[in-house]
A.B. asks: 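Please see the structure below; I have some questions.
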Amino acid sequence: MSEGTVVAGPDGAPRCPWALSTADYVTYHDEEWGRPVHGDDALYERLSLEAFQSGLSWITILRRRPGFRAAFAGFRIGAVAAFTEADRERLLADTGIIRNRAKIDATLSNARVLADWAPGGLDELIWSHAPDPATRPVPKTLADVPAVTEESTALSKALKKRGLRFVGPTTAYALMQACGLVDDHLETCVARAAGPIRT
């Protein structure tokens with residue numbers, strides 16, 4: 001077996017190797033990663049969590065996701081946009097999340113920006129950068145999976161141009177992977193074999 005190829009999981013089914021270090025990852029990989037996500041609030045949540053993940057392991061964020069959702073009002077854009085300075089101080093003291101001042105401030109700022117967009121605007125903008133699946137070779141190993149693409153760079157620029165923060169090309173590509181804009185499950189991964197994940 002080549003390095004970076006699928007690995008048999010606890011049930012014997014082949015999975016992307018990154019998915020097998022913890023039970024939390026197995027569930028996330030099988031049920032969420034690469035599945036299409038739509039809706040402004042849902043995409044704001046994913047964008048925010050990918051920003052918090054920057055420089056950290058995703059498992060750190062995944063295990064704190066309930067705490068993040070509680071702290072940020074379920075990532076409802078309108079609710080977070082109305083947060084006050086007292087809310088900011090509360091977040092900075094909340095041990096249930098990552099208490100990074102710059103990332104907290106970016107999450108609050110992004111909500112205020114997005115609150116002024118027309119309904120569906122974030123969904124439309126993000127999904128307009130989804131590449132044609134026919135133009136993407138199916139990855140056989142982890143070495144075939146990029147960290148940045150032309151589309152993620154363009155998405156990053158589009159989000160930044162509209163005032164969003166902590167949305168670099170790498171973060172944008174992680175968002176595209178997590179939200180089903182691209183399918184980076186390896187060729188023989190059980191999640192890819194389960195059927196198409198694009199809508």
Side-chain angles (χ1 to χ4, degrees), residues 28 32-131 145-182 184:
Y28 175 71
E32 291 189 59
W33 193 74
R35 306 297 180 193
V37 174
H38 285 282
D40 292 342
D41 290 345
L43 288 165
Y44 166 65
E45 175 184 341
R46 302 321 194 275
L47 191 63
S48 300
L49 293 179
E50 292 294 349
F52 273 102
Q53 186 271 333
S54 180
L56 301 171
S57 167
W58 176 246
I59 196 65
T60 302
I61 304 302
L62 187 60
R63 288 176 172 165
R64 286 174 170 78
R65 186 164 60 173
F68 274 107
R69 287 173 170 169
F72 285 96
F75 288 98
R76 298 187 308 278
I77 292 169
V80 179
F83 276 16
T84 64
E85 181 61 27
D87 288 306
R88 179 175 177 271
E89 293 303 315
R90 169 182 59 79
L91 292 168
L92 289 167
D94 191 335
T95 58
I97 65 172
I98 304 299
R99 294 175 291 173
N100 179 294
R101 187 180 302 272
K103 294 175 181 179
I104 288 172
D105 286 347
T107 303
L108 300 180
S109 173
N110 289 348
R112 295 182 190 115
V113 169
L114 293 170
D116 289 333
W117 290 22
L122 180 61
D123 188 303
E124 181 179 358
L125 180 116
I126 288 174
W127 276 89
S128 71
H129 289 81
V145 179
V148 175
T149 63
E150 290 182 9
E151 292 88 358
S152 77
T153 300
L155 174 57
S156 171
K157 288 180 179 178
L159 292 168
K160 288 179 179 179
K161 182 178 180 181
R162 290 160 176 78
L164 299 186
R165 294 157 52 185
F166 261 94
V167 288
T170 302
T171 296
Y173 191 66
L175 175 78
M176 293 172 76
Q177 291 176 302
C179 295
L181 280 76
V182 297
D184 277 343

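A quick note: this is a predicted structure, and the numbers were derived from the prediction, not measured.
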A.B. asks: Test of understanding: with salt bridge (Lys or Arg N to Asp or Glu O under 4.0 Å), list the residues that count as partners of E124, not counting sequence neighbours.
C.D. replies: none
A.B. asks: So, using salt bridge (Lys or Arg N to Asp or Glu O under 4.0 Å) as the criterion, who are the partners of R112 when residues are at least two apart?
C.D. replies: none
A.B. asks: Salt bridge (charged side-chain N to carboxylate O under 4.0 Å, His left out): which pairs involve residues 45-61, sequence neighbours left out?
C.D. replies: E45-R69
A.B. asks: Show every donor-acceptor pair shorter than 3.5 Å between a side-chain atom in residues 166-174 and any protein atom, with sequence neighbours excluded, or say none if there are none.
C.D. replies:
| from | atom 1 | to | atom 2 | distance (Å) |
| --- | --- | --- | --- | --- |
| Y173 | OH | R136 | NH2 | 2.9 |
| Y173 | OH | D184 | OD2 | 2.5 |

A.B. asks: Which pairs with one or both residues in residues 146-166 pass salt bridge (charged side-chain N to carboxylate O under 4.0 Å, His left out), sequence neighbours excluded?
C.D. replies: none
A.B. asks: Only counting residues at least two apart or in another chain, list the ones meeting side-chain contact (heavy atoms from CB on, under 4.5 Å) with A115.
C.D. replies: I77, A81
A.B. asks: Return the orientation label for the F72 and F83 ring planes: parallel under 30°, perpendicular over 60°, tilted otherwise.
C.D. replies: parallel
A.B. asks: Which residues pass the side-chain contact (heavy atoms from CB on, under 4.5 Å) test with S54, sequence neighbours left out?
C.D. replies: K103
A.B. asks: Which heavy atom in N110 sits nearest to a heavy atom in L164, and how many Å separate them?
C.D. replies: OD1-CA, 3.3 Å
A.B. asks: Tell me every residue that passes salt bridge (Lys or Arg N to Asp or Glu O under 4.0 Å) with D105, counting only those two or more places apart in sequence or in another chain.
C.D. replies: R88
A.B. asks: In chain order, what residues pass the salt bridge (Lys or Arg N to Asp or Glu O under 4.0 Å) check against R99, with sequence neighbours excluded?
C.D. replies: none
A.B. asks: So F68 and F52, would you call those rings parallel, tilted or perpendicular, with 30° and 60° as cut-offs?
C.D. replies: tilted
A.B. asks: List in chain and number order the residues that pass side chain to side chain donor-acceptor pair (under 3.5 Å) with T84, two or more places apart in sequence or in another chain; answer none if no residue qualifies.
C.D. replies: D87
A.B. asks: Among all residues two or more places apart in sequence or in another chain, which pass the side chain to side chain donor-acceptor pair (under 3.5 Å) test with D41?
C.D. replies: none
A.B. asks: With R63, which residues qualify under side chain to side chain donor-acceptor pair (under 3.5 Å), at least two apart?
C.D. replies: D24
